[in-house]
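Each chain gets a letter, A, B and so on, in the order its sequence line appears, and its residues count up from 1.
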Amino acid sequence: MTAAEAPKPISQAQKDEILAIVACHKDQPGPLIEILHDVQRSLGYVPAEAVPLIAGALNLSRAEVHGVVSFYHHFRSAPHGRRVLRLCRAEACQSMNGRALERHAMKRLGIGFGETTVDREITLEAVYCLGLCACSPAAMIDEEVHGRVTPERLDELLKRAGAGVRP
Amino acid sequence: MYSIDHKDLGTPAPASTGTVTLDIDGSTVTVPAGTSVMRAVALAGGHIPKLCATDSLKAFGSCRVCLVEIEGRKGFPASCTTEVAAGMKVRTQSPRIQKLRRGVVELYVSDHPLDCDTCPANGHCELQDAAAELGVEGSRYANGGASQRGVKQDASNPYFVFNPDLCIVCSRCVRACDETQGTLALTIEGRGFSSRVSASQHQPFLESECVSCGACVEACPTAALTEKLPLMLGAPTKAVSTTCGYCGVGCSLKAEVKEETVVRMVPNRAGTANKGHACVKGRFAFGYATHADRVRRPMIRKRITDPWREVSWEEAISYTASEFKRIQQKYGPNSVGGITSSRCTNEETFLVQKLVRAALGTNNVDTCARVCHSATGYGLKHTLGESAGTQAFTSVMKADVVMLIGANPTDGHPVFASQLKRRLRQGATLIVIDPRVIDLVRTPHIEAAAHLQLRPGTNVAVINALAHVVVTEGLANDAYAEERCEGDTYRKWKAFVSDARNSPEAMEAISGVPAALVRKAARMYAAGPNSAIYYGLGVTEHSQGTTMVMGIANIAMATGNLGREGVGVSPLRGQNNVQGACDMGSFPHEFSGYRHVSDAATRSLFEGAWNATLASEPGLRIPNMFEAALDGSFRALYIQGEDFVHSDPNTNHVVAALSAMECVVVQDLFLIETARYAHVFLPGSSFLEKDGTFTNAERRISRVRKVMEPLAGLADWEVTMQLAQALGYPMHYSHPSEIMDEIARLTPTFHGVTYEKLERLGSIQWPCNDAAPDGTPTMHVGAFVRGKGKFYLTEYIATSERSTSRFPLLLTTGRVLYQYNVGTQTRRTANLAWQEEDRLDIHPDDAEDRGIADGDWVGVTSRTGDMVMRAVVSRRMTPGVVYTTFHFPESGVNLVTTENSDWATNCPEYKVTAVEVVRVGQPEAWQARIRAERGAQRSPALPTACSHRDEC
Amino acid sequence: MNVERLVAMVNDIAAFFASEPDADAAAEQVAYHLQKFWEPRMRSEIQRCLEQGGVGLSPLARRGVERL
Amino acid sequence: MTVTVWISRDAGALALGAEATAQKLLAAAQAAGTAIRLRRNGSRGLYWLEPLLEVECAAGRIAYGPVTAKDVPGLIDKGLLRGEAHPLRLGPIEAHPWFASQQRLTFARVGRIDPLDLDDYIAQGGFRGLRRALEIGSAATVNEVLESGLRGRGGAAFPTGIKWQTVLKQPAGQRYITCNADEGDSGTFSDRMLMEGDPFSVIEGMIIAGVAVGATRGYIYLRVEYPHAYQVMNAAISAARKAAYLGTDVCGSKHAFDIELRLGAGAYICGEETSMLESLEGRRGEIRVRPPLPAEKGLFGAPTVVNNVVTLATVPVVLAQGAAAYRDFGQAKSRGTLPLQLAGNVLRGGLIERAFGLTVRELLYDYGGGSASGRPIRAVQIGGPLGAYLPESQFDTPLEYEALSAIGAMLGHGGVVAFDDTVDMLEMAKYAMEFCAIESCGKCTPCRIGSVRGAEALGKIARGINPEGNCSLVEELCDTMLQASLCGLGGMAPYPVLSAMKHFKEDFAKRTAAS
């Protein structure tokens, strides 16, 4: 099951926050991606309503900003779960049973890549290399890294992360 | 899809000097340096298949179909992004190349419908062409694979549909929006296989930032973006080059017709004024020409309260002639007059003024330029020596600083605006002098370095303050001014502007512009090195319109910004042929070429040619005609293509004057407001129905070519000719080219103009004569036309129209992108989808003070009259200033405007009216009535949606 | 012709030329402008107005009209 | 007496529990009443021994590993803090055969110092290169780099000196140094290790580049998947700025130089230099058409040096030790040392910096100790997801640019990923296309559509659908992608596919037979 909730309209406080972020970066050359990072750090995602605000402040068209936001897989247009589990799917991890780990994770969480558990606890995302290839397969929970992850170890990590795991 | 007769060369011409010789498939070819291999091949008559390249856009290199082999280089470079080099050996065809090209096209085809037979682009689809050329009939991949198809088409735009299923993601539309139009409303969203064209934030086109210029539609190589009209009417079979009938940019267009019906209008890429671009009006809003409202039979009536009676041309003409003769007999020769139209051709306006002067024997002829740019003619003639702008549009590409005064090009002159924006994106500095925050003050990638948001009516205060800074800070180019201008007037002017009363600090209280900002702007303008001024009706339509034009010329002369590319003083003309109508002798005091009627030599030249005695005294101007009508000395008027009742200020006064006349003849496409007061209605012909020429704001004479027969049987010039005949003054022209020959004979600046030369050169900028056989893109090179430039003293004199406690706000007027002038044409097109009424823009503070919310009905009252319209609460306005357009008759904007006018030319002061605005419940009864009438008349020129995938 | 309107118009013209320091020259320029751009019946109307006292005419406008 | 203990804060070490080990150590030492000074370093690169713990004692830095938190109390009891014997005791790392056989130039300090301690950095030879560059000046610095034979370690192996020379030759005006830290190839982590273990070396390399070509501004484009590197690099830039190595007068010279750290946002394609420049400018990371080269018109239209992290971190070595000294390492056109990253299914994975010339087999078995699973190594992929797969028969190929090129492979960024005999090479070929599809910028058609169609066709082969036909279709597609793609993503994605089809026919034939 997935929970693809339509994001709620953002509040005035959030709009102010976005404008404050833009103001902070405005004078840097080519600041758009930095701004999007900060907006996502602050709001958890880049809401559609942020696009005109950013475009207006940077004097770009909305289309341009939308084109950029949608290009980068890191930026999301809706909030993710409380925690994000990223599993590396690249070759070095595949060589150490990464595929089995992926299948295990999807089964335990009941979701696919890019999806969030119904309780909105965990979002599962694919990542292509975490630079932990000498201790593969690798995973990252939020910014916490883990190497040589076995299915059992993953269960443990998820449990420790407080994520409800489907029986 | 580009014009059906366009041979695309793939990449734009390089801006280079010198040539390069290379070898293409064994032949030696010489092309300009910097040319792409693709273009070189095309220039040599060859052909390389391509999809993402088109010669209006920079090479992009994404489709990878145009690969070639180049000796000594590894791999297969894309010919669009590879520049030619001396001695290069290019191979455009080989089995290996063909295989690769096939491989790429097969990938395209793997996610593209193959039902070409039913596709609207069938026969004009570049993918279809490439596939056919390479022998790709299908795709071996396409079996159940991933697909981006099945996306709903977007028919929100009234003129075109976007069908994502047919899109090949070549980005031509996106690049056209960026590079050609400069709106940047389109993007590619997502990436990789899921890359999609998106309008703004994945929105329907109509809700996006798109301004519907159509550049994307033209750029599309498939039917992903297609005009709706050809979908309904069928593909065009013939393209006829002509000139746009809307604004003063004078875009060269190709009317693509099927039989006699225009199904597409495509800008001509060879057009010098527009460089292959057009706007929503020129490209799409031509449906009015065949609108059901068009009057197709002449009509007459004894009294304006009588119903119209359809009559034959003969009857209408002879009735008109007899009435004019009767009235002249009874009230004297000067009791009649005629009006020429800036929407008609040069030849037509020339004939009307000839008819008035020669057949009616009076100089009572005027033109609608009276109410727009008459001040330009006077001001530039007196200072520089010629009543015209000094530059070609392309000159702006060499400007370092652009000062834009009282003009809103993105709405009024969109195609010039695109060029200006291109230059500004390259880094030129922009100064805006305007009471409103117009788009160019800040629009994606463009920001004015200074916006002098002056109070309406204080232009002269600001230009004097700018001049003060230039002179007192030692920024003037004395050497230039002393050499090129009358030294004494220059020094007098310097002393005048140097006076403390003209300082930015002193003027701040008057104009509301901070002195520091004026100083900054003056320094930027003076620094140049190439500084150009572009201005519009925000300059001329004032009681000091002429003074301001002179002020502009003064500062340009003082800083040496005249007489070369990149500089100059350029009026942006409102209508397509304002310049031409003025050139053709439409003013009561001047013959063609701006020669005064009192000049005996000129008069005798015309008298000889026309075989008539001509009056030596100036005739009545339009407002004077109204005055004379009210006092009974002016009784009959022949009006070609002008709607006074709607367009001229103080409507009640105009109506009273017209009602007092005995014979008002209106020649127009539609039963315009003025026709309510007419006795004779002569059906006019649109620009699609006749041959002739228009002269745009850069003095460019361009051909208008007939693509369909006049709906009422006669072109306007033929009607004028018949009328002259009936008045006992026969005219014998079998074609407008003969009229041009006469103009050329009688007008020194036109001596070298012929239709044959226009055919050869495409267009000509006058003066065109023995001294300049191919025309004159830049004027005043080396010396001013009048000899020495003359400085005039331009004392700021406040208009008598002032805000008071009773009328605390100042109303100013302008144009929106989607409508044109009095709306006669655009209101009869699907442009109503964007704007279907005039609205009053008001600053939030002023709105709040009055309890007005966005969309409320408001009553606007001036000393002259009142009107009701809906309000738009907008930060484009500054507090104390409100703004509206006058595209819709039911708004009655000119009930409110005053009789004030320019001191020199009587150009009305549309731009300053003191008003009060209050919230009201609904429009006035008469407004509601006109609105309802118009609504009933309206049969949209296009359906708002087309589902060709289902039906076509 | 509406005399008030004509008076206003000639006053506007005179106001422009008023910056000319030489008063005679200024009046001459006003007159010249009227000669060149005003239709005869307008000129005669304003002259008649002057004859009747020229109510409302600014001093320079008056001097200009006097020179017609 | 306070005992100094080193535990790595490198992400790889953390992924294996280094933080827990460190916390446990602090707690245990406190409980035991022993004062310890815990210092955090980068990783020595022996990931099979992480968490690695080093104790400073009379005998030098004595390493223990792998030390999990569980092991700590026992180790302390056994005299860990005195460097005493234990089954986990490794002795000095420098003496460990896995390490001792390496030639660490670029990575000389990584794992030895506290990455954010400027004194450590300077004590270990830091900023000597910069001082020399300032001494000899712009042209001589460029020449030195040219002479060293240093080639871009990011993958394209373009001579660094030539790139710099091109930038230097451009008309006067703004120039930029950009550091490509978008290390996205699977199997590579040397950039990450450097940034986490010796960030000042990257900064120093950038400053030298700035001095050499006359640039005053540098950008590091770092992938968002490296949060730890981001923190360290950011802190290092601040420290360098505070110590006036960055700023208006670098090292008291008249040169101004400063660095801004920018984060990528999940786009492999932004490791391609023109795409990276687009991204730095705040745009969609689409490929730019060349020419113009970034060295002529790069970031914000100005001449720009684009170098990889390892390349830039090597520059101080070249300057400090001289071009000739660096050149002496390596062979033929592959000069200097190469930080190899051994990963995947190997027993002893990690970072091995050596002069060029080591064979694949030596790397896999002498260093790697064979597979982790104990099964035979069947294939290795060198150079990331766009690199070719090598079968056992090619394991004697030396790891250098030309030798690999000769067998249709490439060294790339020096990542080597081993697979045992359970690998399904058809799946790996399919994955190569899938990866290309996921990461394609979408600008050019062969990559945008071709990668998707390639993965589909390979999927059909896997399902036994017309295997012969689809195999030849894939080969044809690979030809189109190789020859017609706009950049290396679409242009190299065929390498793993074609090499898999060529060397591991049986994995494809299996399906053919089944059909």
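Between D:F419 and D:Y389, the ring planes are perpendicular. Angles over 60° get that label, and only those under 30° would be called parallel.
Using a 4.5 Å cut-off between heavy atoms, D:V224 touches chain A through its side chain atoms alone. Only the backbone of D:L342 comes within contact range of chain A, with at least one heavy atom under 4.5 Å from a heavy atom of that chain. Only the side chain of D:C270 comes within less than 4.5 Å of a heavy atom of chain A; its backbone N, CA, C and O stay farther away. The part of D:A418 that comes within reach of chain A is its backbone (N, CA, C, O), which places non-hydrogen atoms under 4.5 angstrom from that chain. Residue contact with chain A, scored on non-hydrogen atoms closer than 4.5 Å, is absent for D:S190. Only the side chain of D:E260 comes within contact range of chain A, judged by heavy atoms closer than 4.5 Å. For a residue to count as touching a neighbouring chain, one of its non-hydrogen atoms must lie under 4.5 Å from one of that chain's; by this rule D:A372 touches chain A with the side chain only. For D:Q341, no part lies near chain A; criterion is any non-hydrogen pair under 4.5 Å. Contact of D:R348 with chain A is not made at all, since no heavy-atom distance falls under 4.5 Å. At a 4.5 Å heavy-atom cutoff, the contact between D:L14 and chain A is made by backbone and side-chain atoms alike. The part of D:Q231 that comes within reach of chain A is its side chain, from C-beta onward, which places non-hydrogen atoms under 4.5 angstrom from that chain.
Note: A:H74 leads A:H74, A:R86, A:H73 in heavy-atom pairs under 4.5 Å with chain D. Taking A:L58, A:L32, A:V68 one by one and counting their heavy-atom pairs under 4.5 Å with chain D, the maximum is reached by A:V68. When the candidates A:H37, A:E143, A:H146 are compared by the number of heavy-atom contacts under 4.5 Å with chain D, A:H37 comes out ahead. Most heavy-atom pairs under 4.5 Å with chain D: of the set A:S136, A:G67, A:P137, this distinction falls to A:G67. Between chain D and the residues A:E34, A:E91, A:M96, the largest count of heavy-atom pairs under 4.5 Å involves A:E91. Of all the listed residues (A:S70, A:P31, A:P29), the one sharing the greatest number of non-hydrogen pairs under 4.5 Å with chain D is A:P29.
Nearest approach of D:E196 to D:A229, heavy atoms of both residues: OE2-N, 3.3 Å.
Under the side-chain hydrogen bond (donor to acceptor under 3.5 Å, both in side chains) test applied with D:H413, the options D:D191, D:T188, D:D185 reduce to a single match, D:D191.
Between A:R160 and A:E144 a salt bridge is recorded (basic side-chain N to carboxylate O distance below 4.0 Å). With respect to A:E156 and A:R153, a salt bridge is recorded, a charged nitrogen being found less than 4.0 Å from a carboxylate O. Taking the charged nitrogens against the carboxylate oxygens, D:R192 and D:E183 have no contact shorter than 4.0 Å, which rules out a salt bridge.
Taking the six-membered ring wherever Trp is involved, the centroid distance between the rings of D:Y268 and A:Y128 does not fall below 6.0 Å.
Separation of atoms CG (A:L130) and SG (A:C93) is listed at 7.0 Å; rounding is to 0.5 Å.
Of the N and O atoms on the side chains of A:E49 and A:Q14, not one donor lies less than 3.5 Å from an acceptor on the other residue. Side-chain contact of D:D420 with D:S373: a donor-acceptor pair under 3.5 Å is present, judged by distance alone.
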